[in-house]
Number of protein chains: 2
Amino acid sequence: MTAAAHRPATLEDVARAAGVSRSTASRVIAGTGFASPAARERVAAAADQLGYVPNPAARALVRGGGVRLVVAVAGPSAAVLDDPYVHRVVGSAARVCAPAAIGVALHWLPLSQPNSLDQLAGDGSVCGVVLVNTTEDLLDAVPRSLRGRVASIGIGSATIPSFDVDNGAGAEEVLRHLYAGGRRRIAMVTGPRWLPCSQRPVQEYRRLMRQAGLPERVLPGDFTAARGRTAAGEALRRWPDLDAVYAISDETAFGVIAALREGGVRVPGDVAVAGFDDIPLAGMTTPALTTASHPVGRIAAAAATAVLDRRPTAPVTLFPSALVARASA
Amino acid sequence: MTAAAHRPATLEDVARAAGVSRSTASRVIAGTGFASPAARERVAAAADQLGYVPNPAARALVRGGGVRLVVAVAGPSAAVLDDPYVHRVVGSAARVCAPAAIGVALHWLPLSQPNSLDQLAGDGSVCGVVLVNTTEDLLDAVPRSLRGRVASIGIGSATIPSFDVDNGAGAEEVLRHLYAGGRRRIAMVTGPRWLPCSQRPVQEYRRLMRQAGLPERVLPGDFTAARGRTAAGEALRRWPDLDAVYAISDETAFGVIAALREGGVRVPGDVAVAGFDDIPLAGMTTPALTTASHPVGRIAAAAATAVLDRRPTAPVTLFPSALVARASA
DNA sequence: TTGAAAGCGCTAACAG
DNA sequence: CTGTTAGCGCTTTCAA
């Protein structure tokens, strides 16, 4: 409670001030082991008199616990680290880690060399890893020594718990909504091909279209607004009778809408457009974007928590995708 | 390069494998001090043969360097930690800190008790602090022991370097643009009152309006889209001749536009709307948002770097605000 | 219930 | 140029 000394107080300082040994002070502070009420009292008093804060690095060193949780993002280039989605994950993870005095680090995992995880595994200061944009290769390349302290936001495996949105169900819900609105010529702009978890919605789309006897119109995407613009042009050119576009990214959906309107196509009058994620601005635009909302923050928090707590986790934790019907579709 | 052992390799392991002492291995690995080419060679070989990664926690312990950089965000409630802007700062900081094996932590600083910084100062594992939403009270409450390893994104002081957008110039540029477009009844939706750096644009606004003999119409805001909606209503009610709204947040600007259009007001036909920050989506909406772009990522990176490098920094580093004229104004 | 002692993985004098 | 020695701040047996 006192103004911080120039040098942070150590446990030794506290022990001396309380007139006990370092071990006793440690037991009291860490709340582990025995200590007489009297000792407890004096140590506590000394600690807050000195403004004592345990040094997590030292603690981690002796317990072998690590001090950093690494958010490892796979992608074609380091630019993936600039993605707002990634920032959201890092932000949520950082919040979850703060009470444990664990810091968060951000790493890029080049798609071409999945064994870059080895370095993280060999770093004793890394307490765990949260995988983002997980691929099969990546899953295979997770070193054994990382087992039990890795979680994946995306696909998982027998040994690596997965935390993800129920993509299939989400896609189905949006597509049924489009269908219920009378749309029959529905194109889809997908996520990147290398990203396994973005294949689910595509499968669902194909299944539903086939089932309804509707044409399958798939355009590869990359989650960007720019791709939305070009994809809209392509779609219009290839399929002039188009009456809906389903994009697996709100950013892309906005790109689609912009291009469509610039081309004189009314949204949703002529073509309905739906997105994916419900970013904060989705409800503020004109037309407001119909999309599916996903608890990205909660997913990231759950993954980070699983890694931190190191307790047995269900192999797959699915979070619900909720249709948010607005004006665009 | 070998598959990671169950226990991360230690310097001791490397030294033994290379047939040298721990100190020699340390010198080679850390690149500090002398070592014969021969020793250098063998240590390097042993290190990568064992997949050795130095343990930054241990290193930090002996050098007193710390392992975490804390992004400390002031605000009325912990909800500020959910802000996309904050996530962007954390993401950028994490990227800058990664090479140094420093983790990033996210802390909320209650507006009402600025001395919560004391705890960070007393934590030996904290290598530095980046302040966000800095207030005068906060600046005054920064413990001496933190000097030289704090940076502020926002206002600074004699001892705390500031990294910020040139808000005044940015506001002036946008307002002049509005004026050049023929707008004469310009209302402004500000940032929160408790946030000092958001007062600069207000001052600039008042100065320019006064200078041009135009009415001053200020509405307090809070950076949210929701507030934009209500503010638009208020503005229209109080000032029916309104022909422009300048909001100090793109989110707010979008809220303003939405409310205006719902009320049958054309944008930019009847009322021009301009924002602040140039969020990624600003260019994708209809109408595309006129705003000022700010290098948030670079600002955060600069602040984090200043803290990490601990080298003398200019008291104030201003980043340019660049007008992005689009359709809305 | 407490203290003495050892050691986590690393760096940094200090002698050789 | 290299090895020995002494810690950094903390937890944790092990005796007392």
Side-chain angles (χ1 to χ4, degrees), chain A residues 5-44 46-47 50-68 100-102 122-127, chain B residues 5-44 46-47 50-68 100-102 122-127:
Chain A
H6 190 66
R7 176 182 60 78
T10 73
L11 191 56
E12 180 77 49
D13 299 332
V14 173
R16 199 176 314 129
V20 300
S21 74
R22 220 166 55 224
S23 340
T24 300
S26 173
R27 286 183 209 110
V28 173
I29 299 288
T32 165
F34 305 96
S36 66
R40 210 172 282 286
E41 172 84 10
R42 298 166 59 198
V43 170
L50 293 170
Y52 172 72
V53 182
N55 183 332
R59 193 175 274 187
L61 188 57
V62 49
R63 304 175 62 153
V67 297
R68 279 180 311 150
I102 297 287
D123 185 334
S125 75
V126 171
C127 68
Chain B
H6 190 66
R7 176 182 60 77
T10 73
L11 190 56
E12 180 77 51
D13 299 331
V14 173
R16 199 176 314 129
V20 300
S21 74
R22 220 166 56 225
S23 343
T24 300
S26 174
R27 286 184 208 110
V28 173
I29 300 286
T32 164
F34 304 96
S36 66
R40 210 173 283 284
E41 172 84 10
R42 298 167 59 200
V43 169
L50 293 170
Y52 172 73
V53 182
N55 183 331
R59 193 175 273 187
L61 189 58
V62 50
R63 304 173 61 152
V67 295
R68 278 180 313 151
I102 298 288
D123 185 334
S125 75
V126 170
C127 68

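All chains are named by letter (A, B, ...) in the order of the sequence lines, taking the proteins before the strands, and each is independently numbered beginning at 1.
Among pairs with a residue in residues 30-40 of chain A, none fulfils salt bridge (Lys or Arg N to Asp or Glu O under 4.0 Å), at least two apart in sequence or across chains. Judged as a salt bridge (Lys or Arg N to Asp or Glu O under 4.0 Å), the pairs with a partner in residues 50-68 of chain B (not counting sequence neighbours) are, in order, B:R68-B:D123.
Between B:R16 atom CZ and D:dG3 atom C1' the separation is 16 Å, expressed in whole Å. Taking atom CZ of B:F34 as the reference point, atom C1' of D:dG3 lies 16 Å away to the nearest angstrom.
Residues forming a side chain to side chain donor-acceptor pair (under 3.5 Å) with A:R22 (at least two apart in sequence, or on another chain): A:E12. For A:S23, the side-chain contact (heavy atoms from CB on, under 4.5 Å) partners two or more places apart in sequence, or in a different chain, are A:S21, A:R27. Shown here are the side-chain contact (heavy atoms from CB on, under 4.5 Å) partners of B:A46, two or more places apart in sequence or in another chain: B:V14, B:A17, B:A18. Every residue meeting the side-chain contact (heavy atoms from CB on, under 4.5 Å) condition with A:L61, not counting sequence neighbours, appears here in chain and number order: B:N55, B:A58, B:L61. Scored by the side-chain contact (heavy atoms from CB on, under 4.5 Å) test, B:T32 finds B:A30 as partners (sequence neighbours excluded).
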Side chain to side chain contact (heavy atoms under 4.5 Å, CB included) evaluation trace for A:C127 with A:I102: CA-CA 8 Å; A:C127 68; A:I102 297 287; 3.9 Å; yes

List, with names and distances, any nitrogen or oxygen atoms from the protein found under 3.5 Å away from nitrogen or oxygen atoms belonging to nucleotides 8-10 of chain D.
residue	atom	partner	partner atom	Å
D:dC8	O2	B:V62	N	3.2
D:dG9	N2	A:A58	O	3.4
D:dC10	OP1	A:Y52	OH	2.5
D:dC10	OP1	A:N55	N	3.2
D:dC10	OP2	A:L11	N	2.3
D:dC10	N4	A:R22	NH2	2.7

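For the helix from C:dT1-D:dA16 to C:dG16-D:dC1, the rotation axes defined at the first and last 5 base pairs enclose an angle of 40°, given to the nearest 10°.
When the side-chain nitrogen and oxygen atoms of B:S23 are compared with OP1 and OP2 of D:dG3, none of them lie within a distance under 4.0 Å.
Across all strands, A:A35 comes closer than 4.0 Å only to sugar-phosphate atoms, never to a base (heavy-atom distances). Counting any heavy atom pair closer than 4.0 Å across all strands shown, B:A39 reaches sugar-phosphate atoms only and no base atom.
For the pair A:S125/B:V67, no side-chain contact is recorded, criterion being any heavy-atom separation below 4.5 Å from C-beta on. Residues B:P54 and B:I29 meet the side-chain proximity criterion, which asks for heavy atoms closer than 4.5 Å.
In summary, contact between chain A and DNA chain C, defined as any nucleotide atom under 4.0 Å from a heavy atom of the protein, begins and ends at C:dT1 to C:dG9 in the 5' to 3' direction.
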